[in-house]
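One structure is given below, encoded as structure tokens.
Throughout, residue positions are numbered sequentially from 1 according to the sequence presented. These numbers come from the heavy atoms of this one structure, side chains and all, not from hydrogens, waters or symmetry mates.
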Amino acid sequence: MQGALAGHRIHIFGASGAGTSTLGRALATVLASQHFDVDDFYWRPTDPPFRAKRSIPERRALMEAVFLPRRDWVLSGSVDSWSEGIDDRFTLAIFLDLDIETRLARLRAREALRLKGASRDAAEEMAAFLEWAAAYDDGLLPGRNRARHETWASELACPVLRLNSAPPVEVLVGRVLASLDAGRQLA
């Protein structure tokens, strides 16, 4: 499978909690590729995390140094508002969709683990993050939202595979592999 599907630069995006990182890691494993998460380039390392953003030029330069020139990789996360020079390298984009209740349940579980024993301030930050994540579909808060993702997806030069991410990750990986195989047969 690895040789037949080599040379793919896949970007997976969607709402927080839709499973972009989970699918990214699983897909990279099956493709014998490497997985990268946008958060590792967007945010400076801090303790606690997610406190200081890198500038857009810094993000792009770091991505260029770490993986962009490589022949294949899987990138999960949202780059839509700062993707210039990155999005033209994608060979496939995957837009994940998931109902708000499931997304928020996943995020609550993840954040509870991450913030176990954390301060009251951290709990308040988690509540604000969940409020922001819940607003993805209506786009009432700044940042990542469905309308922005839809517009960006429509402008990508590569194929965009849309998947509901409710099924198990193994099923989603199978759907992506089938899409890659179909694309290879058409080429």
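Cluster membership check: V160 does not share its hydrophobic cluster with L96, using side-chain heavy-atom separations under 4.5 Å among Ile, Leu, Val, Met, Phe, Trp and Tyr. Linking ILVMFWY residues whenever their side-chain heavy atoms come closer than 4.5 Å, directly or via other members, leaves L98 and L23 in distinct clusters. Both Y42 and F50 are part of a single hydrophobic cluster, where members link through side-chain heavy atoms under 4.5 Å apart. Residue V30 is grouped with residue I12 when hydrophobic side chains (ILVMFWY) are merged at heavy-atom distances under 4.5 angstrom, including chains of intermediate members. By the criterion of side-chain heavy atoms lying less than 4.5 angstrom apart, applied directly or through intervening Ile, Leu, Val, Met, Phe, Trp or Tyr residues, L156 is grouped together with F95 in one hydrophobic cluster.
Ring-plane geometry between W73 and F67 is classed as perpendicular, the angle between the planes exceeding 60 degrees on a 0 to 90 degree scale with a lower cut at 30.
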**OP:** Test side-chain contact (heavy atoms from CB on, under 4.5 Å) on R103 and D137 and set out the steps.
**Re:** CA-CA 12 Å; R103 283 192 308 102; D137 290 313; 3.9 Å; yes

Original post:
Going through the checks in order, is the side-chain contact (heavy atoms from CB on, under 4.5 Å) test met by L177 and D181?
Top reply: CA-CA 6 Å; L177 294 177; D181 191 44; over 6 Å; no

**OP:** Determine, step by step, whether S83 and D80 satisfy the side chain to side chain donor-acceptor pair (under 3.5 Å) criterion, reporting the C-alpha distance in whole Å, the side-chain angles of both residues, the deciding distance to 0.1 Å, and the verdict.
**Re:** CA-CA 5 Å; S83 65; D80 61 296; over 6 Å; no

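For the residue pair V74 and S33, the shortest heavy atom distance occurs at N-OG, 4.3 Å. Residues H149 and S78 come closest through the heavy atom pair NE2-OG, 3.0 Å. Considering every non-hydrogen atom in both D37 and L75, the closest pair reads C-CD1, 4.3 Å. Across all non-hydrogen atoms, the minimal contact from A153 to R162 is CB-NH2, 4.3 Å. Of all non-hydrogen atoms in L130 and L107, the two that sit nearest each other are CD2-CB, 3.6 Å. Nearest heavy atom pair, residue R54 against residue W43, reads NH1-O, 2.7 Å.
Taking the six-membered ring for Trp and the full ring otherwise, the centers of F90 and F13 sit at least 6.0 Å from each other.
A salt bridge does not link E58 to K53: none of the charged side-chain nitrogens sits closer than 4.0 Å to a carboxylate oxygen. Classification of E64 and R59 as a salt-bridged pair fails, no side-chain N sitting under 4.0 Å from a carboxylate O. Between E125 and R51 a salt bridge is recorded (basic side-chain N to carboxylate O distance below 4.0 Å). Ion pairing between a basic and an acidic side chain is recognised when a charged N comes within 4.0 Å of a carboxylate O; R146 and D97 show such pairing.
For R144 (side chain) and Y136 (main-chain N/O), no donor-acceptor pair under 3.5 Å exists by modelled atom type. With hydrogens and angles disregarded, a donor-acceptor distance shorter than 3.5 Å links the side chain of T29 to the backbone of R25. Between the side chain of N145 and the backbone N or O of G143 there is at least one donor-acceptor pair closer than 3.5 Å. Judged by distance alone, the side chain of S16 and the main-chain N or O of A133 form no donor-acceptor pair under 3.5 Å.
A cation-pi arrangement is absent between R60 and W82, since the terminal nitrogen or guanidinium carbon is not both under 6.0 Å from the aromatic centre and inside a 45° cone about the axis.
No side-chain heavy atom of S154 sits under 4.5 Å from any side-chain heavy atom of E150. A heavy-atom distance below 4.5 Å is not found between the side chains of R110 and S21. Side-chain contact between L31 and D72 is absent, with no heavy-atom pair separated by less than 4.5 Å. F41 is listed as a side-chain neighbour of V66, based on a closest heavy-atom distance under 4.5 Å. Residues V79 and W152 have side chains in contact (heavy-atom distance under 4.5 Å, counting atoms from C-beta outward). Using a 4.5 Å cut-off on side-chain heavy atoms (C-beta onward), S165 and L172 make contact. Under the 4.5 Å side-chain criterion, counting only non-hydrogen atoms from C-beta, T20 is not in contact with T22. Side-chain atoms of L92 and C158, non-hydrogen and from C-beta on, never get closer than 4.5 Å to each other.
Counting heavy-atom neighbours within 6.0 Å of E155 CD, excluding the residue itself, gives a total above 12.
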